[in-house]
Amino acid sequence: MKVLIVGGGGREHAIAVSVKKSKRVDKIYCAPGNAGIAEIAECVPIGAMEFEKLVAFAKEKEIDLCIVGMDDPLVGGLVDEMEKAGIRTFGPKANAAILEGSKAFSKDLMKKYNIPTAAYETFTSADDAIKYLETSDYPIVLKADGLALGKGVLICKDKEEAVAGVKTIMLDKQFGDAGNTLVIEEFMTGREVSVLSFVDGKTIKTMTSAQDHKRAGDGDTGLNTGGMGTFSPSPFYTKEVDDFCKAHIYQKTVDAMAAEGREFKGVIFFGLMITPKGPRVLEYNARFGDPEAQVVLPRMKNDIIDVCEACIDGRLDEINLEFEDNAAVCVVLASKGYPVSYEKGFPIKGFEKFKAEEGYYCFHAGTKKTEAGIVTNGGRVLGVTAKGANLKEARANAYKATEWIEFDNKYMRHDIGKAIDEA
Ligand code: AMP
Ligand code: GLY
């Protein structure tokens with residue numbers, strides 16, 4: 001069969017590697033893809049938001065399955081457009097992707113269906129929001145309602161910072177229209193865990209757990225980024241936590257969406273905070289995480305095509321989702337200066353070693369193929385993933401593999417997965 005993957009980051013490279021493993025697939029296309037994906041798929045220069053071109057391409061090539069990796073096209077309704085054109089597509093329709101697309105929607109859903117999350121209020125007027133801050137406890141969390149490239153969350157330590165934050169989001173519109181509505185939320189403490197799941201509208205099957213490292217610097221210092229590294233599984237995701245989430249979060253979310261007439265098919269990503277009072281939902285995403293996919297998918301035993309099709313057809317109950325009994329760690333190699341400003345265009349060396357070694361992956365994020373070879377083309381350049389029998393071994397292997405890659409201004413965190421030493 002012929003598969004089209006929409007997106008062009010490390011997550012889509014991890015999806016492409018999984019799809020490539022399927023014996024059922026003859027040909028993979030990726031729009032727009034990247035230099036790493038180009039080694040296993042035919043990349044086509046169509047942007048993820050160019051819906052008409054994507055649909056026309058899928059029809060022309062008689063695509064059997066389209067997998068949408070990114071949030072923007074999901075929230076914008078690419079799955080609806082593909083399905084209208086008769087292309088089988090994995091991912092939620094726009095009316096369900098709103099679970100990620102609007103934080104106000106997802107918070108209201110959790111409140112209505114009694115799904116544990118932080119207490120909150122929603123505001124459409126900056127004056128009302130600022131009035132509310134007079135009597136709040138601090139720190140407090142401000143969230144722009146809409147998609148903001150993962151940057152629309154501000155944690156404010158006092159009233160002064162929070163008032164400035166309201167102005168930044170609602171009046172200066174730093175995140176554009178995403179800031180027309182503001183959610184102000186109670187600050188929670190605890191350990192964060194990401195749980196991705198497959199959903200077919202009724203049935204939900206969770207994948208193995210993972211943990212991201214969002215800050216740019218070692219010891220969780222510096223600015224928020226798109227993710228500097230991940231490990232899987234999380235030792236903090238215990239059986240007790242899993243039981244609680246199964247009873248109070250996962251199925252309840254799927255049922256709530258169905259009850260609202262917003263049947264969800266695709267991946268629900270649960271961003272959880274394990275607080276002293278128990279697990280709480282920090283956020284939902286309507287897609288695989290990046291870089292969570294880079295540690296979760298390499299450990300999945302199932303044929304990803306079988307699972308995607310079961311989700312589309314409402315047969316997920318027939319699938320026995322299985323993961324390897326090992327661990328994986330992904331260390332992101334970034335350009336020095338990320339996430340603020342950085343140079344691009346440096347040649348990258350050292351990819352060969354990954355092809356020779358089992359259990360090692362070099363997922364491309366910001367790279368470009370030129371006549372001079374593959375060069376850096378973004379803040380997050382590569383995601384180096386390694387497996388191991390356990391987290392410690394996976395971590396040692398991943399850091400060893402980061403040394404195989406060379407480019408000018410290479411930057412990484414040195415403590416990805418260090419938290420496992422405390423577990
Ligand atoms: P989000 O985009 O909602 O995942 O938020 C980004 C990050 O902000 C999360 O991964 C958390 O580290 C942090 N965060 C979000 N909401 C809260 C909260 N209510 N309390 C504490 N930290 C939060
Ligand atoms: N790693 C967090 C995300 O994909 O949103």
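Ligands are counted one by one from 1 in listed order, and the atoms in each one are counted from 1 as well.
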Sidechain-backbone polar pair: S22 side chain, I305 backbone, donor-acceptor under 3.5 Å: no
Listed once per pair and sorted, the salt bridge (charged side-chain N to carboxylate O under 4.0 Å, His left out) pairs that draw on residues 236-260, sequence neighbours left out: K112-E260, K239-D243, D242-K246
All ring-ring contact (aromatic ring centres under 6.0 Å, His included) counterparts of Y284, not counting sequence neighbours: F270
Only one of R413, R191, K214 clears salt bridge (Lys or Arg N to Asp or Glu O under 4.0 Å) with D220; which? R413
Hey, could you give me the CZ/CE distance between R215 and M228, rounded to the nearest 0.5 Å? 12.5 Å
Residue portion contacting ligand 2 (non-hydrogen atoms closer than 4.0 Å) for N285: side chain
Considering D71, T225, L196, D212 one by one, which has a heavy atom nearer to atom 2 (C) of ligand 2 than any of the others? D212
Tell me the residues surrounding ligand 1, counting only those with a heavy atom closer than 4.0 angstrom, sorted by chain and number. K103, V141, K143, V153, I155, E185, E186, F187, M188, E192, K214, M273, L282, E283
Strictly by modelled atom types, are [X] and [Y] linked by a side-chain donor-acceptor pair under 3.5 Å?
{"X": "Y360", "Y": "K400", "answer": "yes"}
{"X": "Q174", "Y": "T168", "answer": "no"}
{"X": "K205", "Y": "N320", "answer": "no"}

K214, any N or O under 3.5 Å of ligand 2 N or O: no
Taking distance alone, with N or O pairs closer than 3.5 Å, would you say E283 contacts ligand 2? no
Which of the ligand 2 atoms, numbered from 1, are nearer than 4.0 Å to a heavy atom of G289: 4 (O)
Distance under 4.0 Å to a non-hydrogen atom of E292: what atoms of ligand 2 satisfy this? 1 (N), 2 (C), 4 (O)
Within-shell test, R287 vs ligand 2, heavy atom, strictly < 4.0 Å: yes
Which residues pass the side-chain contact (heavy atoms from CB on, under 4.5 Å) test with A216, not counting sequence neighbours? T225, P339
